[in-house]
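Below is one structure, written out as structure tokens; comments come after it.
What you see below is based on every heavy atom in this structure, not just the backbone, and it leaves out hydrogens, waters and symmetry mates. Because the structure is a prediction, the values reported are computed rather than measured.
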Amino acid sequence: MTYVYEYVVGNDNVKVEYCHSSVSDSIKVVEMWVNGKFHRVNWMSPEGNKRLMARLEKDMTDRMCGTYETEINLDRDMPYGI
């Protein structure tokens, strides 16, 4: 399963498809686009790469721990009787 993480840095819209590798126990970037154009992680500066991986780590942790921020519809998403 892959996840998509999108963010804006400066004037650039970044979209990253990533997954977690069971073999290396680390996050792997599957594909990446900046402003709709294909981009590679190894084209980034070491600092930029480190910031991206920290963002992806936080996003995956939020998703796995259920702390991912989404809009909640109380009528739809809350069980009755609470």
Hey, can you pull the donor-acceptor pairs under 3.5 Å for the side chains in residues 11-25, sequence neighbours left out?
residue	atom	partner	partner atom	Å
D12	OD1	N35	ND2	2.7
E17	OE2	T2	OG1	2.8
Y18	OH	D59	OD2	2.5
Y18	OH	M60	N	3.4
H20	NE2	D25	OD1	3.2
S21	OG	V23	N	3.3
S21	OG	S24	N	3.1
S21	OG	S24	OG	3.2
S24	OG	S26	OG	2.7

(request) Using the test side chain to side chain contact (heavy atoms under 4.5 Å, CB included), find all partners of R51 that sit at least two apart in sequence or belong to another chain. (result) E47
(request) Locate the shortest heavy-atom distance separating M44 from L52; write the atom from each residue and the value. (result) SD-CD2, 3.8 Å
(message) Checking K50 now: which residues fulfil salt bridge (charged side-chain N to carboxylate O under 4.0 Å, His left out) with it, not counting sequence neighbours?
(response) none
(message) Can you tell me how far apart CD (E31) and CZ (R40) are? Round to the nearest 0.5 Å.
(response) 9.0 Å
(request) Report the distance from atom NZ of K28 to atom CG of L56, rounding to the nearest 0.5 Å. (result) 12.5 Å
(request) Any chance you could lay out the side chain to side chain contact (heavy atoms under 4.5 Å, CB included) test for V34 and V9, step after step, and finish with the verdict? (result) CA-CA 10 Å; V34 176; V9 60; over 6 Å; no
(message) Going by ring-ring contact (aromatic ring centres under 6.0 Å, His included), name the pairs with one or both residues in residues 32-53, residues two or more places apart or in two chains.
(response) H39-W43
(request) Could you tell me if the ring centre of Y3 sits under 6.0 Å from that of Y5? (result) no
